[in-house]
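Inspection log for the structure reproduced underneath, given as structure tokens.
Both backbone and side-chain heavy atoms feed into the values below; hydrogens, waters and symmetry mates do not. Atoms within each ligand, like the ligands themselves, are counted from 1 in listed order.
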Amino acid sequence: MKRCIELARMGEGRVMPNPMVGAVLVHEGRIIGEGYHEWYGHAHAEVNCVKNVASVDRVLIPLATMYVSLEPCAHHGKTPPCADLIVNEKIPEVVIGCIDTFSEVSGHGIKKMKAAGIQVITGVLEQECRDLNRRFFTFHERSRPYIILKWAQTADGYIGTLDRKAMKVSNSFTDRWVHRWRSQEAAILVGPKTAIEDNPSLNTRLWPGASPIRIILDPFLGVPTTHNVFNNAVKTIVVTEKMGQEKGVEYWPIPFDEALLPKLMEMLHGRNLQSILVEGGAKTLQQFIDRGLWDEARVIISKNAAGSGWRAPVLTGEPVLQEQVSLDADNIYIYRNRRDY
Ligand SMILES: NC(=O)C1=CN([C@@H]2O[C@H](COP(=O)(O)OP(=O)(O)OC[C@H]3O[C@@H](n4cnc5c(N)ncnc54)[C@H](OP(=O)(O)O)[C@@H]3O)[C@@H](O)[C@H]2O)C=CC1
Ligand SMILES: Nc1c(N[C@@H]2O[C@H](COP(=O)(O)O)[C@@H](O)[C@H]2O)[nH]c(=O)[nH]c1=O
Ligand SMILES: [Zn+2]
């Protein structure tokens with residue numbers, strides 16, 4: 001199952017909104033085939049796994065055990081059901097990491113295989129398998145995107161200067177990481193002041209992955225249309241109280257009241273966007289924190305002090321430190337809001 005997870009991760013940034021899945025076929029302790037879901041819309045892990053078995057080993061398939069990190073599908077999506085493939089290949093035993101809680105699959109794949117006499121074992125490295133697809137599970141189980149907050153602060157706790165000039169906090173190694181993070185998410189969001197004053201691009205220019213859709217909170221349409229977020233290189237959605245006209249830009253009219261963030265999450269869900277990286281500023285981040293609307297927080301702390309400026313957000317809820325990484329003199333702290341995924 002560990003190998004399944006390793007394989008599944010190779011689909012990172014390429015399979016969303018599908019989950020990352022890995023599969024391995026084992027005969028008497030020897031791996032005879034392995035595969036993973038490589039691209040959205042293309043073959044599932046189980047199909048690639050069976051396809052990759054060498055011709056000399058194909059006779060062993062009906063004697064082998066398939067390990068797969070997620071319950072095999074039972075529905076006709078972009079590809080035929082993997083449960084049918086397993087039945088047709090006469091694989092006698094299937095070990096599953098975690099159940100697919102997506103309503104079209106949930107339990108149906110297992111039922112189909114059991115009905116065909118296959119021995120099915122579930123819940124092997126279950127937590128690790130759920131964690132791997134925490135965006136997917138959050139999206140389907142909580143009807144909202146997986147929310148990652150991210151900011152960079154100085155050693156003395158500032159994220160920006162008072163004169164409102166964009167302040168460079170993190171180093172160039174960290175910036176590459178941040179661009180990798182951007183490539184892993186479906187959307188990226190910033191607040192009005194950040195969009196106006198920093199003129200960010202919010203793309204992945206330092207990492208070879210796709211840029212996320214840009215979401216800009218801009219109640220009064222104060223961001224100049226000459227700013228980078230309107231360069232049409234990637235889709236931009238402006239959440240606003242007014243109606244804009246910029247070509248290629250989507251305007252989502254939502255009142256900027258108490259219900260703004262829940263309503264926005266609902267709309268992102270409706271748009272099938274599974275995850276969102278919130279990059280600031282302080283006010284915007286704090287709103288997500290205060291509403292408990294976050295799953296992960298990635299805090300970059302540099303070794304330099306600013307002396308004064310805009311205070312960094314304060315993380316409340318149930319922050320559990322999950323990982324700490326040092327990149328040169330930057331320390332990156334990754335917190336989870338809940339332990340289970
Ligand atoms: N180091 C880092 O990681 C980052 C640093 N920054 C820095 O932070 C500074 C900007 O911070 P900040 O002013 O907090 O920026 P934000 O981008 O969060 O914008 C906040 C402003 O937006 C207005 N606003 C109105 N409604 C909302 C709403 N529902 N949610 C959020 N904002 C709303 C606020 O108005 P009102 O005051 O009326 O409430 C406030 O003036 C800049 O200096 C920037 O360089 C920004 C991002 C990341
Ligand atoms: N200053 C600062 C950050 N600022 C964030 O990055 C945005 C600019 O990104 P870009 O699109 O690449 O121009 C900016 O608007 C703000 O959201 N991020 C960091 O990792 N480290 C930093 O020191
Ligand atoms: Zn499948």
Side-chain angles (χ1 to χ4, degrees), residues 18-19 21 23 37 43-49 68 70-86 100 102 104-105 109 149-154 157-172 174-179 181-182 188-207 211-212 214 216-220 222-223 227-229 234 239-241 254-261 263-264 277-288 290-291 298-302 304 306 309-313 330 332:
N18 280 350
V21 188
H37 186 32
H44 287 183
E46 300 90 324
V47 176
N48 286 331
C49 176
V68 57
L70 185 75
E71 176 182 1
C73 65
H75 68 300
H76 286 267
K78 290 205 178 305
T79 57
C82 292
D84 288 355
L85 169 82
I86 291 167
D100 185 349
F102 171 47
E104 294 219 29
V105 179
L149 310 181
K150 170 256 157 182
W151 68 86
Q153 67 181 62
T154 57
Y158 297 102
I159 68 154
T161 54
L162 289 175
D163 63 8
R164 290 291 193 181
K165 290 207 173 71
M167 177 169 76
K168 196 74 206 93
V169 180
S170 51
N171 66 41
S172 56
T174 307
D175 292 345
R176 248 173 222 280
W177 261 54
V178 168
H179 284 222
W181 290 346
R182 288 177 177 178
I188 183 166
L189 178 146
V190 292
K193 287 265 166 63
T194 301
I196 294 169
E197 282 151 20
D198 290 5
N199 188 12
S201 301
L202 307 178
N203 59 17
T204 54
R205 61 194 178 279
L206 302 176
W207 189 262
S211 295
R214 300 178 286 207
I216 314 298
L217 300 184
D218 191 7
F220 311 117
V223 183
H227 266 31
N228 292 327
V229 291
V234 194
V239 178
T240 182
E241 292 194 327
I254 311 181
F256 274 57
D257 57 21
E258 278 299 290
L260 170 70
L261 294 186
K263 179 72 194 155
L264 175 58
L277 181 67
V278 182
E279 283 218 27
K283 169 111 196 200
T284 299
L285 287 160
Q286 198 64 54
Q287 286 202 20
F288 278 87
D290 293 347
R291 296 195 146 270
R298 301 177 181 174
V299 184
I300 300 156
I301 306 188
S302 78
N304 303 318
W310 289 97
R311 298 296 308 180
D330 284 355
I332 304 175

query = Out of K168, K283, E279, whose heavy atom is nearest to atom 14 (O) of ligand 1?
reply =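 It is K283 that holds the nearest heavy atom.
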
query = Heavy-atom distance to atom 33 (C) of ligand 1: which of A152, G191, G280, P192 wins?
reply =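 Comparing heavy atoms across A152, G191, G280, P192, the nearest one to atom 33 (C) of ligand 1 lies in P192.
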
Any N or O on [X] sitting closer than 3.5 Å to an N or O of ligand 1?
{"X": "W151", "result": "no"}
{"X": "G160", "result": "no"}
{"X": "I159", "result": "yes"}
{"X": "T194", "result": "yes"}
{"X": "L217", "result": "no"}

task = Collect the protein residues that have a non-hydrogen atom under 4.0 Å from ligand 2 and hand them over in chain and number order.
result =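 These residues qualify: K150, A152, M167, K168, V169, S170, V178, H179, R182, V190, T194, D198, P200, S201, L202, R205, E279, I300.
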
task = Answer yes if a protein heavy atom lies under 4.0 Å from atom 38 (O) of ligand 1, otherwise answer no.
result =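 No; the ligand atom in question lacks any protein heavy-atom contact below 4.0 Å.
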
ask   = For ligand 1, is any non-hydrogen atom under 4.0 Å from D198's backbone (N, CA, C, O), its side chain (CB onward), both, or neither?
value =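 D198 to ligand 1: side-chain contact only, backbone stays beyond 4.0 Å.
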
request  = Give me the protein N, O or S atoms that fall under 2.8 Å of the Zn ion (ligand 3), sorted by chain and residue number.
outcome  =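 You should have found H44 ND1, C73 SG, C82 SG.
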
message = Quiz question: by atom type and distance under 3.5 Å, do the side chains of T154 and S302 form a donor-acceptor pair?
response =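 Looking only at side-chain atoms, S302 and T154 do not form any donor-acceptor pair under 3.5 Å.
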
task = Indicate yes or no: does D257 engage K263 in a salt bridge with an N to O separation below 4.0 Å.
result =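 Here D257 does not pair with K263 in a salt bridge, since their nearest N and O are not under 4.0 Å apart.
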
